[in-house]
2 protein chains.
Amino acid sequence: MTNAARARRPSHGPGSLLEVAVTEFNTRGYDATSMEDLSRAAGITKSSFYHHFAGKEALLRAALERAIDGLFTVLDSDGARTGSPLTRLRHIVRGQVEVLVAELPYVTLLLRVRGNTESERWALERRREFDGRIAALVREAVEAGEIRVGVEPALAARLLSGLVNSVVEWARPGPSTLPDDVARAAFEGILPAR
Amino acid sequence: MTNAARARRPSHGPGSLLEVAVTEFNTRGYDATSMEDLSRAAGITKSSFYHHFAGKEALLRAALERAIDGLFTVLDSDGARTGSPLTRLRHIVRGQVEVLVAELPYVTLLLRVRGNTESERWALERRREFDGRIAALVREAVEAGEIRVGVEPALAARLLSGLVNSVVEWARPGPSTLPDDVARAAFEGILPAR
DNA sequence: TAGCGCCGACCGAACGATCGGTGCGTCGTA
DNA sequence: TACGACGCACCGATCGTTCGGTCGGCGCTA
């Protein structure tokens with residue numbers, strides 16, 4: 001592909017169309033958003049949309065892949081693979097919140113899929129894998145004696161994921177102290193008594 | 001209306017139909033579930049469904065009201081209105097988890113509405129009210145010096161709600177120690193370091 | 001207690017609207 | 001003139017909803 005071909009008339013590149021689509025999906029929900037809604041929001045006709053994407057599910061798939069890629073990048077970073085289980089866990093939580101904010105609309109969409117289509121089931125499976133990696137790390141930290149065993153490690157892992165993921169419900173893009181705040185809440189209590 | 005008239009032939013009461021519908025809604029998502037899906041799951045025809053409910057949204061509305069009622073019942077209980085802010089907060093968290101498990105499918109549906117219809121916007125507004133009551137209580141507890149101010153009270157309230165609500169993603173009905181476990185995680189940390 | 005009239009529960013068929021998707025022509029630029 | 005970007009008109013399928021009608025058990029009356 002030549003640069004000229006890519007930049008010919010990029011008034012509506014696939015990238016910007018995907019962004020528009022994901023925003024609409026998050027506002028109305030994927031199933032409740034029609035292709036006509038999308039094209040209206042993008043300022044082109046429905047058929048023009050099909051010039052850039054194979055279909056509605058292709059849009060969803062692209063968005064979900066972007067979210068999944070972001071999340072797994074956190075697991076592959078240095079801080080997630082070196083050090084004690086607890087240190088790695090803290091690093092991952094911070095990184096996960098960072099990705100969550102940086103790729104907010106994409107991750108938001110990911111966290112809402114129900115498994116109706118093949119793409120959604122694929123995303124669900126990858127999420128399961130991600131959560132499984134975290135649960136394993138929690139178990140390691142407990143076995144290493146770094147963490148108090150107040151509840152089952154499996155339950156703790158689920159609550160941890162729930163806490164972190166709930167951030168998409170109200171987070172706003174831009175720099176903040178959110179990653180550290182969430183990590184502190186997770187490891188020292190959201191509302192620790194004096 | 002006589003009792004005999006009401007109990008004439010209750011093979012498919014509105015109650016059981018609602019239960020079936022909510023289950024389907026949670027599996028596929030509200031918008032992705034057709035009235036034909038519902039009637040197939042209920043064992044009656046689509047048109048028969050309209051004999052018991054005014055329409056698809058009426059089903060949603062009934063389910064959302066049930067969930068909302070359950071949640072606000074917690075706020076009205078004795079333990080939520082007497083004692084120190086921290087004590088009341090702990091009581092509410094436990095009670096909220098209890099309702100969440102007892103009315104699992106209804107609350108699950110509630111936590112997924114996006115505001116597409118009038119009923120959904122109503123439910124969203126009630127949820128906002130509920131969360132506001134909790135946020136106010138968190139602020140009180142901080143001002144009373146019962147809680148350490150690690151993060152902004154407003155942020156802490158959001159994380160608290162996120163933690164509690166995330167339970168619907170994996171909870172199973174039936175008795176358990178979940179309410180206490182969640183409360184402990186919220187106030188003492190999900191993964192407290194030794 | 002026999003007969004009648006009523007009503008709730010239910011169904012098959014169809015409605016207009018909207019869905020995701022397509023075929024084909026036009027426009028602008030290289 | 002070749003090609004990518006785009007729009008108009010339209011497709012079959014499915015959506016939520018409605019309508020006309022059937023069935024059978026119950027209460028009332030004679």
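Residue numbers begin at 1 in each chain, while the letters A, B, ... track the order of the sequences. Computed from a predicted structure; not experimentally measured.
A close approach under 4.0 Å does not occur between any side-chain nitrogen or oxygen of A:His52 and OP1 or OP2 of D:dG4. The side chain of A:His51 places an N or O atom within less than 4.0 Å of a non-bridging phosphate oxygen (OP1 or OP2) of D:dA5. Regarding contacts with the backbone of C:dC10, every side-chain N or O of B:Ser48 stays at 4.0 angstrom or more from both OP1 and OP2.
How far CG of B:Leu17 is from CZ of B:Phe49: 4.5 Å, rounded to the nearest 0.5 Å.
Under the side-chain contact (heavy atoms from CB on, under 4.5 Å) criterion, A:Ala102 pairs with no residue at all, not counting sequence neighbours. Here B:Asp31 pairs with A:Asp31, A:Ala32, B:Asn116 under the side-chain contact (heavy atoms from CB on, under 4.5 Å) rule; sequence neighbours left out. For B:Glu125, the side-chain hydrogen bond (donor to acceptor under 3.5 Å, both in side chains) test picks out no residue, with sequence neighbours left out. The side-chain contact (heavy atoms from CB on, under 4.5 Å) test applied to A:Thr87 returns A:Ser84, not counting sequence neighbours. For A:Arg126, the side-chain contact (heavy atoms from CB on, under 4.5 Å) partners two or more places apart in sequence, or in a different chain, are A:Ile68, A:Phe72, A:Trp122, A:Glu129.
At a threshold of 4.0 angstrom between heavy atoms, the contacts of B:Ser39 with the nucleic acid are absent.
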At a cut-off of 3.5 Å, list every protein nitrogen or oxygen paired with a nitrogen or oxygen from nucleotides 21-23 of chain C, distance to 0.1 Å.
from   : atom 1 : to      : atom 2 : distance (Å)
C:dG21 : OP2    : A:Tyr50 : OH     : 2.8
C:dG21 : OP2    : A:Lys56 : N      : 2.9
C:dG21 : O5'    : A:Tyr50 : OH     : 3.3
C:dG21 : N7     : A:Lys46 : NZ     : 3.4
C:dG21 : O6     : A:Lys46 : NZ     : 2.5

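Here C:dC19 presents its C1' atom at 16 Å from CG of A:Leu59, a figure rounded to the nearest Å. One can place CG of A:Leu38 at 11 Å from P of C:dC19, the figure rounded to the nearest angstrom.
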